[in-house]
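The structure appears right after this line, and notes come after that.
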There are 2 protein chains.
Amino acid sequence: MSRTVDRALSILPLLAEGPADLGRVADRLGVHKSTALRLLRTLHEHGLVYRQSDQRYRLGARLFALAQEAMESLDVREIAHPHLVRLNETCGHTVHLAVHEDGEVLYIDKVDGRYPVRMYSRIGRPVAITVAAVAKLLLADLPEAERRAVAERLDYPMYTARSTPNAAAFLKELATVREQGWATDLGGHEESINCVAAPVRGADGRVVAAMSVSAPNVVVTADELLTLLPLVRRTADAISGEYSGRTPAKGTAE
Amino acid sequence: MSRTVDRALSILPLLAEGPADLGRVADRLGVHKSTALRLLRTLHEHGLVYRQSDQRYRLGARLFALAQEAMESLDVREIAHPHLVRLNETCGHTVHLAVHEDGEVLYIDKVDGRYPVRMYSRIGRPVAITVAAVAKLLLADLPEAERRAVAERLDYPMYTARSTPNAAAFLKELATVREQGWATDLGGHEESINCVAAPVRGADGRVVAAMSVSAPNVVVTADELLTLLPLVRRTADAISGEYSGRTPAKGTAE
DNA sequence: CAGGTGTGTTGCGTTCCTTGCAATGGTCAT
DNA sequence: ATGACCATTGCAAGGAACGCAACACACCTG
């Protein structure tokens with residue numbers, strides 16, 4: 001909507017790929033160097049980009065601080081965290097918490113399990129939206145029309161043979177998930193990794209977040225992992241209760 | 001330098017304080033609502049702000065992803081992490097890693113200790129720059145003129161009775177730190193917490209990062225903590241060696 | 001139900017800011 | 001020294017962002 005701002009902001013993802021010098025930024029933006037320079041300077045003044053000693057530009061410090069503050073204002077995360085830790089201590093597996101935002105699903109918390117899980121998941125990173133159990137839960141809760149719109153818009157990469165192949169299959173899966181109130185990902189992202197997930201709901205019953213437990217095949221089979229479902233659901237419900245103000249949170253004085 | 005971009009970027013810290021509606025944003029920026037709307041829309045398109053269900057604006061998802069990627073491109077962090085973990089396992093205390101950027105010092109990694117340390121430190125958060133041991137090391141390495149300039153510009157909040165009171169005292173402390181090649185914070189931030197820190201240096205000898213070990217008085221006295229200094233320095237040196245490419249990093253296959 | 005107040009949103013003319021060019025200044029090789 | 005390459009500056013012209021005012025909409029309130 002605003003060309004100048006639009007260009008300036010386009011610099012950020014560009015720099016996220018790695019440091020770049022002025023010429024490179026100008027080229028990638030398709031603008032004159034002097035233009036790029038002024039944009040970079042403005043970004044620099046706000047601390048969003050940093051000029052390293054070799055004069056190239058990098059993403060800057062303020063970005064961390066902003067992300068940090070944004071993260072903290074997500075109160076689901078604060079509330080859920082101790083529950084995730086407890087669940088992790090009980091079952092030993094990796095636990096994730098994710099939210100939906102503007103057609104993206106992203107992890108906002110993670111507690112690593114005992115067993116190394118080769119998962120490409122990091123806090124703040126977008127989720128493999130077509131296959132992840134948490135994504136299914138979050139999207140399944142959208143109103144019919146929006147769900148359909150999102151499903152049509154997505155790509156369906158075949159990470160494995162069991163990945164969701166297309167929009168139709170995805171919508172069908174979402175219907176199931178919506179029905180049963182929980183979701184799984186059985187080797188749909190990484191061949192050897194299974195997940196089971198449950199929704200966190202707000203006071204109005206809408207799904208505000210989703211949590212999952214992930215474990216590699218070599219440690220527990222999919223069937224064994226499914227036996228954890230009741231525990232996962234109970235944990236999610238506990239978070240829901242606390243989040244919607246029904247349960248008064250015990251001993252979480254921070 | 002670019003008014004439009006400048007205004008747009010000013011919205012981000014504003015929203016970091018918490019969600020705000022259009023009117024509020026316009027007021028705080030000192031612009032007309034229609035202007036604020038266009039800026040917010042542009043930010044929204046780039047995913048930097050998110051419009052929540054009550055129509056108010058919040059910081060958005062892309063911010064996390066960007067911060068995440070920025071973090072990953074900091075290769076000191078990658079290299080240092082296993083060393084921090086090892087150090088933490090050895091001594092059991094909380095370990096921090098910090099860098100300097102444009103007059104700010106911020107934590108880029110942290111490994112929590114066994115003993116709960118009531119420290120207001122988070123990854124991505126600015127450090128209490130006038131008292132933190134890591135900050136002293138990073139600033140002590142600046143050229144004389146710049147060091148002086150930064151010192152004059154700072155505020156000197158008295159967190160405790162032992163906080164650095166003013167620029168003169170700070171510069172004196174920096175001189176000492178520069179001389180001895182390590183730094184401490186003995187109750188200068190939190191009455192009951194002591195830290196000891198050592199610098200990580202690049203191939204050219206300049207300080208690129210600093211790491212510290214922090215522990216509460218009730219667990220170890222300041223004197224006891226100081227006995228860890230050789231270990232901390234050795235760890236920092238190991239990171240330095242690996243970072244500057246002298247030591248080939250052992251068994252860190254990702 | 002009419003009328004008011006608080007929103008967010010749109011169209012448009014004017015102005016000022018952004019743009020790209022060309023020229024300058026620096027730095028590093030050869 | 002010389003040339004290549006990069007960042008940086010001043011400037012004139014064109015376009016885009018600005019603020020205004022009017023509209024749309026929801027929510028109270030009498």
Side-chain angles (χ1 to χ4, degrees), chain A residues 1-15 17-60 101-103 143 145-146 203-204 206, chain B residues 1-15 17-60 73 101-103 143 145-146 202-206 245:
Chain A
M1 301 256 103
S2 167
R3 190 172 66 147
T4 319
V5 178
D6 185 57
R7 284 176 170 172
L9 297 182
S10 303
I11 293 179
L12 298 177
L14 193 158
L15 289 184
E17 298 169 17
D21 60 22
L22 179 60
R24 187 175 165 71
V25 172
D27 280 354
R28 294 280 305 264
L29 279 189
V31 300
H32 197 272
K33 278 190 302 183
S34 60
T35 306
L37 180 67
R38 250 166 315 112
L39 296 177
L40 281 165
R41 276 225 255 264
T42 313
L43 289 169
H44 180 91
E45 281 187 0
H46 286 259
L48 296 182
V49 308
Y50 174 64
R51 190 120 197 232
Q52 42 189 32
S53 42
D54 62 353
Q55 291 210 123
R56 292 188 307 167
Y57 295 89
R58 270 209 308 94
L59 290 181
E101 190 167 302
D102 272 331
E146 200 174 336
D204 54 359
R206 293 211 39 186
Chain B
M1 300 258 103
S2 166
R3 192 175 64 149
T4 319
V5 178
D6 184 58
R7 284 175 170 173
L9 297 182
S10 303
I11 294 179
L12 298 178
L14 194 158
L15 289 185
E17 298 170 16
D21 60 24
L22 179 62
R24 187 177 164 71
V25 171
D27 280 354
R28 293 282 303 266
L29 279 188
V31 300
H32 197 272
K33 278 188 303 180
S34 60
T35 305
L37 180 67
R38 249 168 311 116
L39 297 177
L40 281 165
R41 275 225 255 264
T42 313
L43 289 169
H44 180 90
E45 280 186 1
H46 286 259
L48 295 181
V49 308
Y50 174 63
R51 190 125 199 227
Q52 43 188 29
S53 43
D54 61 353
Q55 291 209 125
R56 292 188 306 167
Y57 294 91
R58 270 210 310 94
L59 291 181
S73 68
E101 190 166 301
D102 272 331
E146 199 174 337
D204 54 358
R206 293 209 41 186

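Chain letters run A, B, ... following the sequence lines, proteins first, then strands; residues in each count from 1.
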Can you tell which of [options] lies closest to the side chain of [X]?
{"X": "B:Ser2", "options": "C:dT18, D:dG19, C:dT10", "result": "C:dT18"}
{"X": "A:Lys33", "options": "C:dG8, D:dT8, D:dG19", "result": "D:dT8"}
{"X": "A:Arg7", "options": "C:dG8, D:dT8, C:dG20", "result": "C:dG20"}
{"X": "B:Arg3", "options": "D:dA7, D:dG19, C:dT18", "result": "C:dT18"}
{"X": "B:Arg38", "options": "D:dG19, C:dT18, C:dG20", "result": "D:dG19"}

Whole Å only: how far is the [atom1] atom of [X] from the [atom2] atom of [N]?
{"X": "B:Asp27", "N": "C:dG6", "atom1": "CG", "atom2": "P", "answer": "13 Å"}
{"X": "A:His32", "N": "D:dC6", "atom1": "NE2", "atom2": "C1'", "answer": "13 Å"}
{"X": "A:Leu43", "N": "C:dT18", "atom1": "CG", "atom2": "P", "answer": "13 Å"}
{"X": "B:Leu29", "N": "D:dA17", "atom1": "CG", "atom2": "C1'", "answer": "14 Å"}
{"X": "A:Asp21", "N": "C:dG26", "atom1": "CG", "atom2": "P", "answer": "20 Å"}
{"X": "A:Leu37", "N": "C:dT18", "atom1": "CG", "atom2": "P", "answer": "14 Å"}
{"X": "A:Gln52", "N": "D:dC6", "atom1": "CD", "atom2": "P", "answer": "17 Å"}

Between A:Gln55 and A:Val5, name the one whose nearest nucleotide on DNA chain D is closer to the 5' end.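 The residue whose closest nucleotide sits nearer the 5' end is A:Gln55.
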According to a strict under-4.0 Å criterion, is B:Arg41 in side-chain N/O contact with OP1 or OP2 of D:dA17?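 For D:dA17, neither OP1 nor OP2 has a side-chain N or O of B:Arg41 closer than 4.0 Å.
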Does A:Thr35 place a side-chain N or O at less than 4.0 Å from the phosphate oxygens OP1/OP2 of C:dG20?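 Yes, within the criterion.
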Worked verdict on A:Leu12 versus A:Val49 for side-chain contact (heavy atoms from CB on, under 4.5 Å): CA-CA 8 Å; A:Leu12 298 177; A:Val49 308; 4.2 Å; yes
Describe the nucleic acid contact of [X] in one word from base, sugar-phosphate, nothing, applying a heavy-atom distance below 4.0 Å.
{"X": "B:Ser34", "value": "base"}
{"X": "A:Arg24", "value": "nothing"}
{"X": "A:Arg56", "value": "nothing"}

Judged by atom type as modelled, is there a donor-acceptor pair below 3.5 Å linking the side chain of B:His32 to the main-chain atoms of B:Ser34?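 Pair found, side chain donor or acceptor close to backbone of B:Ser34.
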Atom CZ of A:Arg56 with >12 non-hydrogen neighbours under 6.0 angstrom: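 Check passes, neighbour count above 12.
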Assess whether atom CZ of A:Arg24 is packed by more than 12 heavy atoms of other residues, nucleotides or ligands within 6.0 Å.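 Atom CZ in A:Arg24 is not packed in, count stays at 12 or less.
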Is there a side-chain contact between A:Leu9 and B:Leu9, using heavy atoms and a 4.5 Å cut-off?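 SC-SC contact between A:Leu9 and B:Leu9 confirmed.
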5' priority, DNA chain C, between B:Thr4 and B:Leu22 [closest heavy atom]: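 It is B:Leu22, whose closest nucleotide lies nearer the 5' terminus.
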